[in-house]
Amino acid sequence: MKTELKQRTLQNLADAYSRHELRVNPEFQRGAYKWTLAQNQDLIDSLLRGYQIPLFYVHLLQKVNAFTGSVETTADLVDGQQRLAAIASYLRNEFPLSNPQKAAPGTVLPIRAAELPRWSGKKFNELDPEDKTGLLNRELLVVQMSEDARNEVRVLFIRPQAGTPSVQSSVLRPCE
């Protein structure tokens, strides 16, 4: 399988995901599973803190446009849907980051105000300009897999998600 490790900005990935240019392939994704608010908040907090997050996997496919006859490259998201959904949702101001000072008693460790990050409790549009810029320009790692890797991509991602030591022949079928 030919793969290439690329760096993409968070904004580039989120924009491609939101515009459906980075397509969610249901063959590889879990479907309706959604992260909890706390998981979304933790991911964004981790990104703002500069923590490394897992790689994104994208399968590049080429197809001929039936009308123009030109060859087009499409990109299927193989792994990273929940992370990208959380990022895109945060950039659309759909949730604030957690604020331990406003949490119900006993749900989080008490934190003094001086120890809170400046982004606690804020939606994206409320972030300080340097935090917004830093988040949008954050470089994330993407493994791009080539067209000829379709069956290998299936083996790589369906097998672990199925939770079995071997893939059944009905799951691995030849590309058409």
Side-chain angles (χ1 to χ4, degrees), residues 3-60 73-145 153 156-163:
T3 62
E4 192 173 355
L5 186 62
K6 297 277 194 174
Q7 287 189 332
R8 302 278 186 221
T9 65
L10 179 140
Q11 183 167 22
N12 174 261
L13 281 170
D15 288 349
Y17 177 79
S18 295
R19 291 189 308 256
H20 305 287
E21 293 168 355
L22 187 52
R23 304 177 319 181
V24 174
N25 185 333
E27 184 176 7
F28 304 118
Q29 298 301 321
R30 293 184 195 132
Y33 172 78
K34 303 273 187 196
W35 274 6
T36 65
L37 175 60
Q39 288 173 302
N40 291 341
Q41 292 169 326
D42 287 347
L43 175 70
I44 303 303
D45 182 76
S46 294
L47 289 164
L48 285 164
R49 291 175 188 269
Y51 297 166
Q52 186 62 39
I53 65 169
L55 303 170
F56 293 89
Y57 286 82
V58 174
H59 188 202
L60 301 178
T73 301
T74 60
D76 282 354
L77 182 62
V78 176
D79 188 54
Q81 177 185 12
Q82 299 304 314
R83 282 171 275 141
L84 271 179
I87 290 166
S89 180
Y90 185 69
L91 296 181
R92 289 189 304 266
N93 298 300
E94 293 178 4
F95 64 90
L97 295 175
S98 64
N99 185 345
Q101 290 188 316
K102 293 184 180 179
T107 58
V108 295
L109 296 174
I111 296 179
R112 294 188 309 254
E115 296 172 347
L116 289 174
R118 63 183 169 266
W119 52 79
S120 288
K122 293 183 179 181
K123 292 184 175 184
F124 177 73
N125 66 343
E126 300 168 330
L127 291 177
D128 293 345
E130 63 270 13
D131 291 330
K132 279 184 188 178
T133 301
L135 185 62
L136 292 173
N137 292 331
R138 175 72 193 271
E139 294 284 337
L140 301 174
L141 295 174
V142 178
V143 176
Q144 292 184 179
M145 297 171 283
V153 170
L156 183 62
F157 291 97
I158 293 174
R159 183 180 295 176
Q161 293 210 10

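Just so you know, residue 1 is the first one in the sequence shown, and it goes up from there.
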Exercise. With a 4.5 Å heavy-atom cut-off, do Leu97 and Lys122 have their side chains touching?
Worked result: no

Seminar exercise, completed: Taken to the nearest 0.5 Å, the spacing of Gln82 CD from Lys34 NZ works out to 7.0 Å

For this session: Please report the shortest heavy-atom distance between Val78 and His59, naming the atom on each side.
Result: CG2-CB, 3.7 Å

For this session: Can you label the angle between the Tyr90 ring and the Phe124 ring as parallel, tilted or perpendicular, going by 30° and 60°?
Result: perpendicular

For this session: Could you grab the distance from atom CD1 of Ile87 to atom CG of Asp15, nearest 0.5 Å is fine?
Result: 11.5 Å

For this session: For Gly121 and Glu126, work out which heavy atoms get closest and say how close.
Result: O-OE1, 4.0 Å

Exercise. To the nearest 0.5 Å, how far apart are NZ in Lys6 and CD in Glu139?
Worked result: 12.0 Å

Exercise. Can you find a heavy atom in the side chain of Gln7 that is under 4.5 Å from one in the side chain of Leu141?
Worked result: yes

Seminar exercise, completed: From the list Leu84, Thr9, Leu10, side chain to side chain contact (heavy atoms under 4.5 Å, CB included) with Leu140 holds only for Leu10

Seminar exercise, completed: Tightest non-hydrogen contact, residues Arg138 and Leu47, listed as NH1-O, 2.9 Å

Exercise. Would you say Leu5 and Leu55 make side-chain contact, with heavy atoms under 4.5 Å?
Worked result: yes

For this session: To the nearest 0.5 Å, tell me how far Glu21 CD sits from Thr73 OG1.
Result: 12.5 Å

For this session: Return the minimal non-hydrogen interatomic distance between Gln41 and Pro96, and the atom names on each side.
Result: NE2-O, 2.8 Å

Exercise. Got a donor-acceptor contact below 3.5 angstrom from the Arg118 side chain to the Asp131 backbone?
Worked result: no

Seminar exercise, completed: Residue set satisfying salt bridge (charged side-chain N to carboxylate O under 4.0 Å, His left out) with Asp45, at least two apart, ordered chain then number -> Arg49

Exercise. Any side-chain heavy atom of Ile44 within less than 4.5 Å of one from Phe95?
Worked result: yes

Exercise. Could you state the interatomic distance from CH2 (Trp35) to CZ (Arg83), rounded to the nearest 0.5 Å?
Worked result: 6.5 Å

For this session: Search all heavy atoms of Tyr17 against all heavy atoms of Ala88 and return the closest pair with its distance.
Result: CD2-CB, 4.0 Å

Exercise. Once you round to the nearest 0.5 Å, how far does CG of Leu127 lie from CH2 of Trp119?
Worked result: 9.0 Å

For this session: Kindly indicate whether the side chain of Leu91, heavy atoms from C-beta on, has any atom under 4.5 Å from the side chain of Gln11.
Result: no

